[in-house]
Structures are given as C-alpha cells and as structure tokens.
Amino acid sequence: MENVRVRIAPSPTGYLHVGTARTALYNYLFAKKHNGVFILRIEDTDKARSSDEMTEIIQEGLNWLGIEWDEGPFHQSDYFSHYREFIPELEKTGKVYKCFCTKEELAGRREQAIKNKIAWKYDRKCLALSESEVKEKIENGNSFVYRIEIPEGKTSFDDLVHGNIERDNAEIEDFVLFRSDQSPIYNFAVVIDDSRMNITHVIRGDDHISNTFKQIHIYKLLNKEPPKFGHMPLILDENKKKLSKRSGTVSVLAFRDKGLLPEAFINFIALIGWNPGNDLEYFTMNEMTELFSLERVTKKGGVFDTKKLEWMNSKYITNCDNNRLYGLLKPLYEKESIILDNFEKEHIFRIFDSVKEKARYVNEFPQLTKFYFKDITEYEEKGMKKFINPERIDYLKDIIESLKGINEFSEKAIEGIYRDYAEKKQLKGADVIHPSRLALTGSTVGPSLFELMSILGKEIVLDRLTKFAQSAI
RNA sequence: GUCUCCAUCGUCUAGGGGUCAGGACUCAGCUCUUUCAAGGCUGCGACACGGGUUCAAAUCCCGUUGGAGACGCCA
C-alpha cells in the first residue's frame, strides 16, 4: 500500500474517550504498519463547545498511551473561513439549494411526521421554490441554509471491515451543508479536510456508517475521489450500549489516575474488536504493529470488561520495571506523607517486589506497603481474636529472644529461627507466624513474613514485636 | 418508526463445510503455601431460531427473532 495517510478527528469535549482512543490506536497501527502518516485533527467546528484546554487534554491522553501522531494537531477552526469558498462551486453544480425553512418549522413538520408514523426526512419544500421566490425571500432578509439534493439511485461503498454496504438514496435526506451563518456542517468540513489532507483511509467507528453515505455524496458533488472507508465495531458498556458518559468511566485519563499502566490499557483496548488470529493476547505496541491488520478487525461490538482490564493491568504491574514504578509511585506515596527519596532505592525496590503481584492498580501500592514505613497503631480485630492468646504471646517472646541472636537478618536466617522453634515446641508454623505478621503489619494478609521481616530490618522488627508482646493481652 | 450493521461460553474471541467447537477473563474446586495474591491443575459454560443447499452446516443461502447504531442549522 502506498502513501497511507490516516487521521483521527476527535471533537474536544473535555476528555479523551475510550472509543476515540481505540480508533486512534487502530489508525496509528495501520499507519505504522504501512509506513504511512497518522494525523491528529481537532474537530472544533462547534466553537461553543471547544477550548484549547480540551485540545490539550486529548493530546495528553494520546501521549500517555504512547500513540504518536506525525502531523498536527490541526484545528478545523483554523480553516473555518475557507469552507464557504466552496459555495459558489457547489451552487454551480445545481445540486445544492437554499432552504429557508426555520428550525421551528422543521421541528413542527418532523413532529407531525412522527405522529403519523412516517419516517421523517426533509420534505424538499424549498427545492420546489422558484427562482423569483428565492430572490424574494432573500430580499426579505430570510436566512437560509444550503442543502444538497440527493439524486435517485443507490449509494454503496466497499467497507474495509464489513464488505459492501449499500443504501437506497431515497433513505438519505437532503441534508444541510452550510448553516445560515455560512459555517459548514460536520460532514462537509470532514470531506474537505480529508480531501485536503489527502487522507487515504478513513478508519472510524460503526456509528459513522450513515455519515459515510452522506460524505460520499459530497465527494461526488465536488468531483473528488473518496478515500477508502473502514468502520469498526463500537465499544459497548455492560448493557451492550455504546460506551458513553452514562456508562461510567470513559475518560482515558481517568484510567491513568486510577492506577492503570498505559501498556495495559492499550493492550486491553486493542483486543476489543481485533485479535492477531492466534492465542496471543499479551503484547507490546511494537508487536502489535507487526500483527495488526484491518482484515482481522471483527464486526461485532465488544463489551468493555473491566475485570479483564484489571487482570491485564496486574500482569503489567508484575512485569513493570522498579525504576519506572518508583517514578510513578513517588507522588502517590507523598500523599501518604511517605517520602521515597528518604530511603535507599534498593530498599524501596525490595518493598515493591514484595507486593508487585498483588496489586491490580498502581495506586494500591501505598496502602499495600504502608506498614514498611509507619508504626502499627491498629491491629485487625478479627485476626487478634483468631490468632492471639497468652500462650502464643509466650512463643512470641521466645522468638524475640532468638531473633536477637541473628547477625545477618536474612530471610533464610529468620525462617530458620521460626522453623526450629516450631519444631522444638511441636507447633505448626502458622502458630508462630500469624501472630508475628499481625504484630508487624497489623494485618493478617501481606507479603511473605520472612521476606517482609528481612526488609523491615532487625531493629524495627524487634521493636514492634516487643511492643506487641507487652501490650497485646 | 425507517434505514444500516451485527449474531460462537456471562465477557473478549479462534474456527468459515467433516474439530472432543480451541484460548483468555470471570466464577467454582483442587494444588502449592505462613496469610493474601501469583502460579499449576481441573471444572462449569457457547455455535439465537426455522427453513433450504449438501453425503455432511456453527461454517454457504433465505427467512425469523434478538441486539446495536444512525436518523439535528451536534460532532
């Protein structure tokens, strides 16, 4: 494939939508795969709803995900005054006409049609206007929009994922091209932009299929060659509805803030609506680029399964480099008044390693590892009832004495003490381990006891254990 | 309502005339184990329905049903 040029054209609505992110990903992958160009274009025709800040948020989201664009961001609004330059050319075709129907009139007739159970479509009232009538209305200062006259026949295109899609033109209304203020309507602006930017493949969501028919008519009117179109299945919520704000979290950045790793998110989202054709489902962006093809995009809408996303994230966390985690987690720990820089990096890394495979979200780390940094003030009640009794406190006291004798406070040495003691006293390991865990972490769950003791260090361990033994009962 | 798209375990999906219909997430159980996870193993679990074509249909065709999307001077 030559000179592939693709784009995403999000409208800046305040956040980067999950669906937009996946569209961006597929476009990006497609471009990379074919050594093409991926363009970011901000669809900010609707001035009232757009701002620079929103545009930045979109870029921030894309950056976070590692989706890089080659050109842009371009702003549709920068080109705003140019669209109307097409009006004379359009009028010359004779396939565009002025419509003087007001919004109110239209709304009334539409309502009536619905009442009569007739499918509403613009009724071409103004197409019937004579030249003099048009002139008169203009002179009277009536405002008008431009509509396209859709010819009879059928419109079809060869969709890259669905195959041939056809629609009777009778189903397509004479839609508006320019508003009464001469600003272009979305479909027109898109065609002009895509055409100007030499977009070769328009890869977007299924919800644009009906727009595609309209856009094809605009291409025809302008005598331009339309690009290839590929419509991919929508991402659905748990109710199988198109993923929307109502569905819950749809903002990509919100997932970041929740503690997701971008690779996990990308990996997960790629798999809704595409697969490499084998059992592989854990891969990097580069691997994905190799594997990707439009032919393997599925047709059925896919549900966004948070459980699977969490599983994916936990896998990525387990494999995440400690240095990177450190950077990610530093601010999170600071919120808990824990300053990571006050400790040896090696020490911190051991702490990370001890909980890595438990975390589903990066943000869980501070809570999971709090006991390493702070004294224990509260002990889990259930655990106290279950594991603590006078006898066990006596065991603990014995163990404290033995622990004192260790020079190198290693996992192995510590385990030796516990095992020997349990054996000597004919106890189960659990009888001595659980109370210690409780004393050291305040909890019944956590990393391996011997590992966490070794990380904690002899001094703190003896201190906490002793305090506990003295005050627990 | 009209048009368009879609239809394999609860979810993501593989398979596209002959398969024990495979994998992953979830869930359950077992195992490992000092706990929780992780890991390993096992299990539950699907071709929407009805016709056709064919020796043979989850797979091809038609229909039905179901679901979704689009129907703005929004994008």
Side-chain angles (χ1 to χ4, degrees), chain A residues 9-13 43-46 48-50 76 99 101-103 106-107 110 113-114 116-122 143-147 159 161-162 165-168 170-173 175-181 183-187 189-190 205-214 231 233-234 236 238 240-242 268 271-282 298-312 314-315 318 355-360 368 383 387 415 418-419 422 428-434 436-438 441 443-450:
Chain A
S11 54
T13 47
E43 221 93 315
D44 56 352
T45 312
D46 190 352
R49 276 177 20 191
S50 314
Q76 215 164 45
C99 170
C101 298
T102 64
K103 283 185 192 175
L106 254 18
R110 184 178 301 139
I114 291 169
N116 297 336
K117 300 208 167 182
I118 298 167
W120 165 258
K121 199 180 73 164
Y122 178 64
S143 68
F144 60 87
V145 300
Y146 284 97
R147 287 185 185 272
D159 190 273
V161 346
H162 292 282
I165 303 181
E166 187 181 73
R167 194 171 184 188
D168 197 312
E171 301 297 337
I172 306 170
E173 76 167 350
F175 59 95
V176 173
L177 256 21
F178 289 90
R179 300 184 183 92
S180 46
D181 67 355
S183 67
I185 226 66
Y186 165 79
N187 276 314
V190 167
D206 270 350
D207 50 349
H208 280 284
I209 290 178
S210 54
N211 281 328
T212 300
F213 290 106
K214 293 181 178 179
H231 293 91
L234 297 174
L236 276 20
E238 53 275 15
K240 305 229 180 187
K241 301 262 194 272
K242 181 172 147 182
F268 167 74
L271 254 11
I272 307 176
W274 171 82
N275 70 81
N278 52 36
D279 289 342
L280 206 62
E281 58 174 3
Y282 186 86
T298 60
K299 295 177 182 174
K300 195 175 72 162
V303 174
F304 189 93
D305 181 3
T306 307
K307 279 265 169 55
K308 185 149 188 176
L309 172 60
E310 285 175 348
W311 167 81
M312 189 71 87
S314 70
K315 279 200 91 166
T318 307
V355 297
K356 250 181 175 178
E357 57 194 24
K358 296 182 201 301
R360 295 186 88 75
L368 251 21
F387 298 120
E415 177 158 15
Y418 276 82
R419 298 282 178 220
K428 276 192 278 183
D431 292 330
V432 283
I433 287 168
H434 287 310
S436 294
R437 174 187 304 285
L438 215 40
T441 69
S443 169
T444 54
V445 301
S448 152
L449 179 69
F450 312 123

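Labels below follow one simple rule: chain letters A, B, ... track the order of the sequence lines, proteins then strands, and each chain is numbered from 1.
Mapping A:Ser314 and A:Pro10 onto RNA chain B by nearest heavy atom places A:Ser314 closer to the 5' end of the strand. Both A:Ile118 and A:Trp274 sit near RNA chain B, but only A:Ile118 has its closest nucleotide nearer the 5' end.
The CD-P distance, from A:Glu171 to B:rC71, rounds to 15 Å in whole Å. What separates CH2 of A:Trp311 from P of B:rG23 is a distance of 14 Å, to the nearest Å. Atom CE in A:Met312 sits about 10 Å away from atom P in B:rC25, given to the nearest Å. If you measure from atom NZ of A:Lys300 to atom P of B:rC47, you get 13 Å, rounded to the nearest angstrom.
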After noting the C-alpha distance and the side-chain angles of A:Ile209 and A:Arg167, does the key distance pass the side-chain contact (heavy atoms from CB on, under 4.5 Å) rule? CA-CA 10 Å; A:Ile209 290 178; A:Arg167 194 171 184 188; over 6 Å; no
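In this structure, B:rC36 forms no base pair with any nucleotide, since neither Watson-Crick nor G-U wobble geometry is met with both distances under 3.5 Å. For B:rA46, there is no paired nucleotide, since no Watson-Crick or G-U wobble pair has both relevant distances below 3.5 Å. In this structure, B:rU65 and B:rA7 make a Watson-Crick or G-U wobble pair, each of the two defining distances being under 3.5 angstrom. When both distances must be under 3.5 Å, the Watson-Crick or G-U wobble mate of B:rA70 is B:rU2. B:rA57 is unpaired under the criterion used here, namely a Watson-Crick or G-U wobble arrangement in which both key atom distances are under 3.5 Å.
Annotation: B:rG50 and B:rU65 have their P atoms spaced 15 Å apart (nearest Å). For the P atoms, the distance from B:rG22 to B:rU35 is 35 Å, rounded to whole Å. Between B:rC20 and B:rC55, the distance separating the two P atoms is 22 Å to the nearest Å. Taking atom C1' on both B:rU2 and B:rC44, the two are 43 Å apart, rounded to the nearest angstrom. With both ends at atom P, the span from B:rA48 to B:rA7 equals 10 Å, rounded to whole Å. Distance noted for atom P between B:rG69 and B:rC27: 28 Å (whole Å). Of the P atoms belonging to B:rC6 and B:rG10, the separation is 22 Å, rounded to the nearest Å. Straight-line distance between the C1' atoms of B:rU8 and B:rG16: roughly 12 Å, to the nearest whole Å.
You'll find a donor-acceptor pair under 3.5 Å spanning the side chain of A:Lys358 and the base of B:rC36, going by distance alone. Residue-to-nucleotide contacts include no donor-acceptor pair under 3.5 Å from the side chain of A:Ser210 to the base of B:rC71. The base of B:rA75 sits with one of its N or O atoms less than 3.5 Å from a complementary donor or acceptor on the side chain of A:Asn211. Contact annotation: side chain of A:Arg167 to base of B:rU4, donor-acceptor pair absent below 3.5 Å. For A:Ser448 and B:rU34, a side-chain-to-base donor-acceptor distance below 3.5 Å is present, hydrogens and geometry of angles not being considered.
Residue A:Lys299 places at least one side-chain N or O closer than 4.0 Å to OP1 or OP2 of B:rC6. In this model, the phosphate group of B:rA37 is not approached by any side-chain N or O of A:Arg360 to a distance below 4.0 Å at OP1 or OP2. Within the 4.0 Å cut-off from OP1 or OP2 of B:rC71, not a single side-chain nitrogen or oxygen of A:Arg110 is found.
Contact annotation for A:Glu166: backbone-only contact, meaning every heavy-atom pair under 4.0 Å involves sugar-phosphate atoms and none involves a base. Counting non-hydrogen atoms under 4.0 angstrom, A:Phe450 reaches a base of the nucleic acid. Residue A:Pro233 is classed as having no contact, given no heavy-atom separation below 4.0 Å to the nucleic acid. Residue contacts shown for A:Leu234 are limited to sugar-phosphate atoms, with no base heavy atom under 4.0 Å away. Contact annotation for A:Gly205: no contact, since no heavy-atom pair falls under 4.0 Å across all strands. Among the protein residues, A:Cys101 comes within range of the nucleic acid bases, having at least one heavy atom under 4.0 Å from a base atom. At the heavy-atom level, A:Val145 lies under 4.0 Å from base atoms of the strands shown. Nucleic acid contact class of A:Glu310 (heavy atoms, under 4.0 Å, all strands): none. Within the 4.0 angstrom heavy-atom criterion, only backbone atoms of the sugar-phosphate kind lie near A:Gly302; the bases stay farther away. As judged by a 4.0 angstrom heavy-atom cut-off over every strand, A:Leu449 is placed among the base-contacting residues.
In this structure, the side chains of A:Trp311 and A:Arg360 come closer than 4.5 Å at one or more pairs of heavy atoms. For the pair A:Tyr186/A:Ser11, no side-chain contact is recorded, criterion being any heavy-atom separation below 4.5 Å from C-beta on. The shortest side-chain heavy-atom distance between A:Phe450 and A:Arg419 falls under the 4.5 Å cut-off.
The main-chain N or O of A:His231 is found under 3.5 Å from a side-chain atom of A:Asp159 such that the two form a donor-acceptor pair.
Remark: the A:Arg437 side chain and the A:Thr441 side chain contain no N/O donor-acceptor pair separated by less than 3.5 Å.
Classification of the A:Phe387-A:His434 ring pair by plane angle, with boundaries at 30° and 60°, yields parallel.
In this structure, the nucleotide among B:rC5, B:rA14, B:rA70 sitting nearest to the side chain of A:Lys242 is B:rA70.
The existence of a salt bridge linking A:Lys308 and A:Glu281 is confirmed by a sub-4.0 Å separation between a basic side-chain nitrogen and an acidic carboxylate oxygen.
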